[in-house]
Protein chains: 2
Amino acid sequence: MPRGHGRGFGMGPGWWHGRFRGCGYRITIPRQEILKVLNQTEEHLSAEEIYLRVHKVYPSVGLTTVYRTLEVLADMGLVFRLEFGDGKARYELVEGPKGKLHHHHLVCTDCGRVIDYTDFISEEKELLDKTEKALSSRHNFKILNHQIHFYGLCNKCK
Amino acid sequence: MPRGHGRGFGMGPGWWHGRFRGCGYRITIPRQEILKVLNQTEEHLSAEEIYLRVHKVYPSVGLTTVYRTLEVLADMGLVFRLEFGDGKARYELVEGPKGKLHHHHLVCTDCGRVIDYTDFISEEKELLDKTEKALSSRHNFKILNHQIHFYGLCNKCK
DNA sequence: TTAATTAATGAAAATGATTTTCAATAACAA
DNA sequence: TTGTTATTGAAAATCATTTTCATTAATTAA
């Protein structure tokens, strides 16, 4: 497999190196490990949860670094920062096992449970593309991403 | 005008009384003033910003009460709690001068500016209704609300 | 109307996520 | 290998929000 932009599951570290270098960032163990954790989960992890997983393998990595790295990754557009109203930010890979499948969220306002859904993404796409284009020009905004949250009560809470 | 459920701009306090009583809540000055502030603005105010405005009229009202009241109002479904990623929650009336016009948000990831847009709401409606129904039954979720955020760069930041 | 009941309040302290500081470390370029 | 400089970890600082608790005031019962 040629070096470059493969994005499959279980790949060794590496594909993001070019991305880092291009942005003038150094490639460090904490950064690689944090990406690895995000690449291996389907959950919406908080900074602390990521820290705990990285820390298990590299106990020398600190929570501060996790926060700093997540900020960098979000700025680079590799990671999406989510807020579901429970007081802590959560993160998911934009590209990776989850990101590959574009999805939105169903949030239970009672217990905080979050369900990802991928239904209707294709129907949405057309409308969203159209909306994006129009909003871009009307409000002179360069749209890079979007997020749809449905709020309500899950089966246990209603 | 008969007493009851008028929701126009500039109404005297009163229309939310029934709603409060129905939920077993007492009608107090802080609660009325906080609703008045939310009813009179088009902005996305934070708890502290609301506090400052209420405090100007009733200096005895404290920030704690603002937080508590906003939680009650959100639970009652009178107020929508928004998070744009700047570290503080923001609130808007669900019914009122803004809420009447359903809208979504355009968020600048650089400067944090938020633009409300009402474009395409009618086109969206059909898709969202359909999506809501399907998600409700498929995931056994009672959907009460939704939120769409577009992220990108505003004219000044791009 | 007035007194009793109890939710609501304000101030201060506590909490908890995130950020900052700063000296030590480690990537990378030369 | 060595120098330069971004990155790091630990501890302290910050800042939004929540909790505590004694006081006040909205509603209810009398």
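Both backbone and side-chain heavy atoms feed into the values below; hydrogens, waters and symmetry mates do not. Bear in mind that the values here come from a model prediction, so they are computed numbers and not experimental data. Chain A is the first sequence line, chain B the second, and so forth, proteins listed ahead of strands; every chain is numbered from 1.
Across all strands shown, A/T28 has heavy atoms under 4.0 Å from sugar-phosphate atoms exclusively, and none from any base. As judged by a 4.0 angstrom heavy-atom cut-off over every strand, B/R31 is placed among residues touching the sugar-phosphate backbone only. Nucleic acid contact for A/S60: sugar-phosphate only, since backbone atoms but no base atoms lie under 4.0 Å from a heavy atom of the residue.
A straight line from CZ of A/R90 to C1' of C/dG16 spans 14 Å, rounded to a whole angstrom. Atom CD of B/E71 is separated from atom P of D/dT18 by 6 Å (rounded to the nearest Å). One interatomic measurement links the two molecules: NE2 of B/H55 to P of C/dT9, which rounds to 15 Å at whole-angstrom precision. Between A/I29 atom CD1 and D/dT7 atom C1' there is a gap of 12 Å when expressed in whole angstrom units. Atoms OH (B/Y51) and P (D/dA16) sit 13 Å apart, rounded to a whole Å. In this structure, A/L70 places its CG atom 10 Å from P of C/dT19, rounding to the nearest Å. Straight-line distance from the CZ atom of B/F84 to the P atom of D/dA16: 17 Å, rounded to whole Å. Summarising the geometry, the separation between OH on B/Y67 and P on C/dA12 is reported as 17 Å, rounded to the nearest angstrom.
With C/dG10, C/dA8, D/dG9 as the candidates, the nucleotide lying closest to the side chain of B/R26 is C/dA8. The side chain of B/R68 has C/dT9 as its nearest neighbour among C/dT9, D/dG9, D/dT17.
DNA chain D is contacted by both B/L63 and A/G62; A/G62 maps to the nucleotide lying nearer its 5′ end (nearest heavy atom per residue). The nearest heavy atom of DNA chain D to B/Y25 and to B/A89 marks one nucleotide each, and the one closer to the 5' end goes with B/A89.
Partner B/E43 forms a salt bridge (Lys or Arg N to Asp or Glu O under 4.0 Å) with one of B/R53, B/R90, B/R113 and no other, that one being B/R53.
The backbone N or O of A/Y58 lies less than 3.5 Å from no partner atom in the side chain of A/E33, so there is not a single donor-acceptor pair. Not one N or O on the side chain of A/T65 forms a donor-acceptor pair closer than 3.5 Å with the backbone of A/V61.
Relative orientation of the A/Y151 and B/F80 rings is perpendicular, given thresholds of 30° and 60° on the angle between their planes.
Between A/R21 and C/dA29 there is a side-chain polar atom (N or O) within less than 4.0 angstrom of OP1 or OP2.
Hydrophobic clustering, with ILVMFWY side chains joined whenever heavy atoms are under 4.5 angstrom apart, keeps A/L144 apart from A/V94.
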